[in-house]
Amino acid sequence: MDDQTRMLAGLTGLGGLSQGDVGDPDSVRKQLGQPQQDIGDILQQIMAITDESLDEAQARKHALNCHRMKPALFSVLCEIKEKTVLSIRGIQDEDPPDPQIMRLDNMLLAEGVSGPEKGGGSAAAAAAAAAAGGSPGADGGIEHSDYRAKLAQIRQIYHSELEKYEQACSEFTNHVMNLLREQSRTRPISPKEIERMVAIIHRKFSSIQMQLKQSTCEAVMILRSRFLDARRKRRNFNKQATEVLNEYFYSHLSNPYPSEEAKEELAKKCAITVSQVSNWFGNKRIRYKKNIGKFQEEANLYAVKTAVDAASVSAQASQANSPATPNSGTPCCMPASWK
DNA sequence: ACCCATGATTTGTG
DNA sequence: CACAAATCATGGGT
């Protein structure tokens with residue numbers, strides 16, 4: 001410290017100044033009148049400032065601030081600082097929009113978490129649900145409203161957190177800016193440097209935001225798999241659908257393998273997908289075969305039903321009520337020809 | 001809480 | 001790839 005002081009003093013042609021002179025306000029006042037000694041003097045005072053009491057320092061600070069050489073010295077110091085330390089860091093300053101965060105943003109937008117408020121959000125959710133499931137139009141209103149409620153909850157949390165971060169960020173930025181501005185009266189801090197500082201703060205906060213976005217994405221994914229995964233939201237087909245399927249099954253008991261066209265037809269009639277029809281027949285065949293006895297009653301029922309339907313074209317009266325027993329004998333068809 | 005029915009998925013085969 | 005068989009996971013009745 002002393003060496004530096006002496007060196008700086010020497011450079012500005014102020015070799016003769018002693019420590020005693022520096023601390024003395026009178027000597028300062030005296031020296032302020034001598035232009036050629038100004039810079040060295042100011043530097044001396046700056047160097048000595050840490051040794052002083054708070055009041056003294058405050059007074060000295062004020063004196064320095066008002067000094068006519070101050071602006072020039074300040075800008076010189078800023079320039080030096082700019083050229084030395086900060087230029088190294090300044091190179092990798094501007095980074096392009098982070099691809100990672102863009103991905104997350106896109107996903108959140110697609111899920112209806114970010115983007116427009118309430119109305120649009122639920123529409124987006126419904127769209128997402130439809131896109132994901134290819135869901136049967138049948139029922140599941142409860143499912144969707146539940147899903148939407150959860151999604152809205154996630155979105156609310158997301159937005160409030162985001163707002164909190166943004167607020168904290170701007171608060172912090174303001175604080176730092178004020179601090180730096182205040183300090184720039186006594187310390188060489190250029191506006192450029194403040195800008196850079198702000199950028200650094202924003203980067204920090206945006207990395208926090210990314211974490212928020214990431215965890216929100218995860219939450220949405222979990223919610224999605226929980227609600228939209230068909231396996232979990234299994235609903236029994238409605239009565240009419242099972243009736244149509246059973247009708248087909250028992251009326252084609254000798255060969256219960258609907259063609260692709262037949263499957264499509266059935267799917268249409270039952271308001272389910274073709275693959276659901278395939279699943280149904282697969283399950284039905286295996287379960288029927290496993291325990292024919294158990295399905296006997298059902299088989300009879302549908303055999304009668306089709307018979308009634310066929311007969312009803314001509315006359316309803318004759319077959320009208322025969323709930324009796326077309327029992328065990330009628331349609332027992334061993335699946336000999338099944339695959 | 002339990003059990004069975006049932007739709008969906010996984011695995012293995014031709 | 002369609003299918004059978006085994007298995008999973010839930011719905012719904014008791």
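Ring pair Phe249(A)/Tyr302(A): centre-to-centre distance not below 6.0 Å. Checked against a 6.0 Å centroid threshold, the rings of Tyr250(A) and Phe295(A) do not count as neighbours.
When heavy atoms are screened at a 4.0 angstrom cut-off, Lys284(A) is found touching no nucleic acid atom at all.
Counting non-hydrogen atoms of neighbouring residues, nucleotides and ligands closer than 6.0 angstrom, the CD atom of Gln209(A) exceeds 12 such neighbours.
For the pair Phe249(A) CZ and dG7(B) P, the interatomic distance rounds to 13 Å; values are reported in whole Å. In this structure, Ile286(A) atom CD1 and dT7(C) atom P are separated by 12 Å, rounded to whole Å. In this structure, Trp338(A) places its CH2 atom 21 Å from P of dG14(B), rounding to the nearest Å. Atom-to-atom, NZ of Lys239(A) to C1' of dG11(C) comes out at 16 Å; the value is rounded to the nearest Å. In this structure, the CG atom of Asn238(A) is 20 Å from the P atom of dA5(B), given to the nearest Å. Ile272(A) places its CD1 atom 9 Å from the P atom of dG7(B), with the value rounded to the nearest Å. Rounded to whole Å, atom C1' of dA5(B) lies 13 Å from atom CH2 of Trp280(A). Remark: P of dG7(B) and CG of Asn246(A) are 9 Å apart, rounded to the nearest angstrom.
Summarising the geometry of Phe237(A) relative to Thr242(A), their closest heavy-atom pair is CB-CG2, 4.4 Å, with the distance given to 0.1 Å.
With hydrogens and angles ignored, a donor-acceptor pair closer than 3.5 Å exists between the side chain of Arg287(A) and the base of dG7(B).
With dG12(C), dC8(C), dC3(C) as the choices, the nucleotide that has an atom nearest any side-chain atom of Asn236(A) turns out to be dG12(C). When distances run from any side-chain atom of Asn279(A) to the nucleotides dA8(B), dA4(C), dG7(B), the shortest one goes to dA8(B). In this structure, of dC3(C), dA5(B), dA6(C), it is dA6(C) that holds the atom nearest to the side chain of Lys290(A). Proximity note for Arg235(A) (side chain, C-beta onward) versus dG12(C), dA4(C), dT9(B): the nearest is dG12(C).
Within the 4.0 Å cut-off from OP1 or OP2 of dA4(C), at least one side-chain nitrogen or oxygen of Tyr257(A) is found. In this structure, Gln276(A) does not reach the dG7(B) phosphate: none of its side-chain N or O atoms is under 4.0 Å from OP1 or OP2.
Using a 4.0 Å cut-off between charged side-chain N and carboxylate O, Glu161(A) and Lys164(A) make a salt bridge.
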